[in-house]
Number of protein chains: 4
Amino acid sequence: MPKRGELGRRDPEARRQAILDAAVGVFVAQGFAAAKLDDVAEKAGVAKGTIYLHFKDKQDLFEQMVRAAVAPVIERLEAVAKLPDLPAEVVLKGLYEVFRKEVLGTPRKNLLRLVITEGPRFPAIGEFYHREVVSRGLQLMGGVLKRAAEKGELADDGIARFPQLIVAPLILAVVWDGLLGAVEPLDVQGLLDVYHRLLLAKPGNAGEGERT
Amino acid sequence: MPKRGELGRRDPEARRQAILDAAVGVFVAQGFAAAKLDDVAEKAGVAKGTIYLHFKDKQDLFEQMVRAAVAPVIERLEAVAKLPDLPAEVVLKGLYEVFRKEVLGTPRKNLLRLVITEGPRFPAIGEFYHREVVSRGLQLMGGVLKRAAEKGELADDGIARFPQLIVAPLILAVVWDGLLGAVEPLDVQGLLDVYHRLLLAKPGNAGEGERT
Amino acid sequence: MPKRGELGRRDPEARRQAILDAAVGVFVAQGFAAAKLDDVAEKAGVAKGTIYLHFKDKQDLFEQMVRAAVAPVIERLEAVAKLPDLPAEVVLKGLYEVFRKEVLGTPRKNLLRLVITEGPRFPAIGEFYHREVVSRGLQLMGGVLKRAAEKGELADDGIARFPQLIVAPLILAVVWDGLLGAVEPLDVQGLLDVYHRLLLAKPGNAGEGERT
Amino acid sequence: MPKRGELGRRDPEARRQAILDAAVGVFVAQGFAAAKLDDVAEKAGVAKGTIYLHFKDKQDLFEQMVRAAVAPVIERLEAVAKLPDLPAEVVLKGLYEVFRKEVLGTPRKNLLRLVITEGPRFPAIGEFYHREVVSRGLQLMGGVLKRAAEKGELADDGIARFPQLIVAPLILAVVWDGLLGAVEPLDVQGLLDVYHRLLLAKPGNAGEGERT
DNA sequence: GATGAATGAGGATTCATTCAT
DNA sequence: AATGAATGAATCCTCATTCAT
């Protein structure tokens, strides 16, 4: 939380970023409609008017904030896409591991929840998110699963037709955490372990997996 | 959409219900913060002030609306709980079928999404929802799964430890529909079919590797 | 300047009128852009929000205020139009007399100046003013002048083609009063007397008129 | 509309003038209150801050802008004042001709309207305008008219006491154009012709009824 | 109880003015 | 001097809540 004036007048990009960072926090905590730009400004250490030097209005700030926050995810996806073909086992393990450590264990999960929450009211966000994240992710996972299916590694070849299934427990975890986390925490690690086994278990060898 | 005056002046309960019904629509469409009580009143065919005769304030209306809307679900759960033990196969099939037809195919899905998205800002809702729906549902599914596991019907006995998994694709479907449904609709039926197969063990490996 | 609460809740028309009355004062004093609705509300003895129960927004208030303020003028015009044909001499004398006493000598002149001032930025006002006041007035004066011309009462028959000329010294007086009145007051009575004589003087009898 | 940088950095006077020129356009189009200094700066090809190097604040810019814009008029008046005495006939004809061609037919009329409409809120402008333009103009016209009256050229000698009357149809034309020009254009030429005839005595009654 | 006009705190946005560069 | 990013006071407008009828 930078204090007023710490940001050099010279670096507009830093200011912009400070506003975006502050916006994440405020929008996540309050939702779009209830978020106050005053709060964003204060948190960013800038004056109210400054926000409007960088963003057209509240909605623009919101959308750009989502884009900026999602950018690293996109980069990751692109990086992964360039990797040589990896076995489904490895990809899944890595995905769940990364998600658990770098999303669920961090405030980042709140952003995902925010997208889920506000997306329906912001078509632009839905489209952007689909284009940049979802369709790329599906493509990637689709490829991995198809190869796995061909090698007979999947418990059910139908999985390859629904790469979304890979992500289902992650969405569940995020939603659960937001709604019920305070009442009954979820053992995400355990859940993902089971799910992972479930996806890859060959018929006929169910349940043989080790558990931590 | 009842018109003003159609509600008997004598029946406060009908008025209350009319307000709740109207509230569902408005809150679902706008979210809590952006919802206008003016709209609720108009939709309910009631004067704005009347809302305050039945509900303490906007938040109270919201919470009671969720309770009321969730009530039928609770009843269903209770009814099902009284049924004799049914095989997992049947229960799952029925659950997915009902969900697909009576939730996803209807405005009701929006309510579930509303709970998911606004819940985090309303602890009372999280607690209520957990107490009345989630814990009961888990209990129910837990029992079904445990029995299924004992009979070796599950692809992985770990599933019995995470009844939440049963619901994961449903949550996915609801979230997808809200965020991406307009861009790329999801073949829910196909998805659930695959998932259903995935959860249930293939013939030939029944009873293997029981643990516990 | 009614005080808050003096207006019965029951009489919305009175409130509306109070707001309009207050608006005249504020808009006249500040101009449209600089006028503060807070001031209007305070002057009208109502809360800010109340204004919006009667008027869509600031511009709507402005336009309706002009309409309301101009209404009596329109009525007058209509009343005069129903009168039997009067000689130009009488009509002119009456017009100048009324204008001097009931417009120039009162705050009403400020409203005329406001219309002149803001009209160009509010086409709706220009059109309304033309339709309701100007064209009717021209019609009226046109008839009077035509008859006068036929009877040879006019100094120049061309006047009948430009009924606007009747009004020229009145506009001059209003404009002068606003811009220069504080520095050098204008003897409107004297000016109008001369102008009156000028219009009606028959060629050949110039200057024979008595002066008060 | 000079582009940034075209103005010599060396010539502060040119910058000042560029700002004044831009200001005319913006103030005329929007009025004082609604005019934005951002627009002035952009139009002048200057940074917003630069305005404050030349003018104390918005009001100062406005007042100086009026002074600058009115300056040529003053020069004209002075030039005319040095001319030998001309007959009223010629002076009037010339005045109306010049006004019609160089004011009404040009954006300059907007400036006159601006002075008329904003003047009342800026006493300094009223005083300045009176001192520099109005009183000189009146003096000038007063002289012309007095001589004309003595020669019996006026339709009514009273005109000499109200030189303002000369200008009444011009004010009318400017006001009409702003308020009603879009709805019903005014035949200024015709109007002025009639008025001109009206002011000047018909042959045959010259010299009658002189009064001091 | 029911109404809906009235309230006024609250929040998004604008823009004259300042000031570090 | 010139710049234009930054400021924050000012203002329109909304809407949850109240209350006289």
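All figures in this text were calculated on a predicted structure; none of them were measured in a lab. To find a chain, count down the sequence lines: A is the first, B the second, and so on, and within it residues start at 1.
Dense packing is recorded around CZ of B:Arg67, with more than 12 heavy atoms of other residues, nucleotides or ligands lying under 6.0 Å away. Other residues, nucleotides and ligands contribute at most 12 non-hydrogen atoms within 6.0 Å of the CZ atom of D:Arg108.
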Please set out all donor-acceptor pairs under 3.5 angstrom arising from side-chain atoms of residues 16-33 of chain D, sequence neighbours excluded.
| residue | atom | partner | partner atom | Å |
| --- | --- | --- | --- | --- |
| D:Arg16 | NH1 | D:Gln64 | OE1 | 3.0 |
| D:Arg16 | NH2 | D:Gln64 | OE1 | 3.0 |
| D:Gln17 | NE2 | D:Asp21 | OD1 | 3.1 |

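Both A:Leu53 and D:His54 lie near DNA chain F, and the one whose nearest nucleotide falls closer to the 5' end is D:His54.
Atom-to-atom, CG of B:Asp39 to P of F:dT17 comes out at 15 Å; the value is rounded to the nearest Å. Rounded to a whole Å, the CZ atom of D:Phe55 is 15 Å from the P atom of E:dA16. The nearest whole Å value for the distance from the CZ atom in B:Phe62 to the P atom in F:dA16 is 14 Å. When the P atom of F:dC19 is taken as reference, atom CD1 of B:Ile51 falls 17 Å away, rounded to whole Å.
Considering only heavy atoms from C-beta on, C:Lys48 stays 4.5 Å or farther from C:Leu37 through its side chain. For the pair A:Glu63/A:Val66, no side-chain contact is recorded, criterion being any heavy-atom separation below 4.5 Å from C-beta on. Counting heavy atoms from C-beta outward, C:Thr50 and C:Arg15 have side chains that approach closer than 4.5 Å. Under the 4.5 Å side-chain criterion, counting only non-hydrogen atoms from C-beta, B:Lys58 is not in contact with B:Leu61.
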Dot-bracket encoding of pairs in DNA chain E, which uses [ ] for pseudoknotted crossings and | for another strand, Watson-Crick or G-U under 3.5 angstrom: .||||||||||||||||||||
Audit row: B:Leu114, B:Met65, side-chain contact (heavy atoms from CB on, under 4.5 Å) steps and yes/no: CA-CA 11 Å; B:Leu114 186 66; B:Met65 176 271 281; 3.8 Å; yes
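Under 4.0 angstrom from either OP1 or OP2 of F:dA2 there lies no side-chain N or O belonging to D:Arg16. Contact annotation: B:Arg15 side-chain N/O to E:dT3 OP1/OP2 distance is under 4.0 Å.
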Under 4.0 Å protein heavy-atom contacts per nucleotide of nucleotides 9-14 of chain E, with B for base, S for backbone only and - for none: -BSSBB
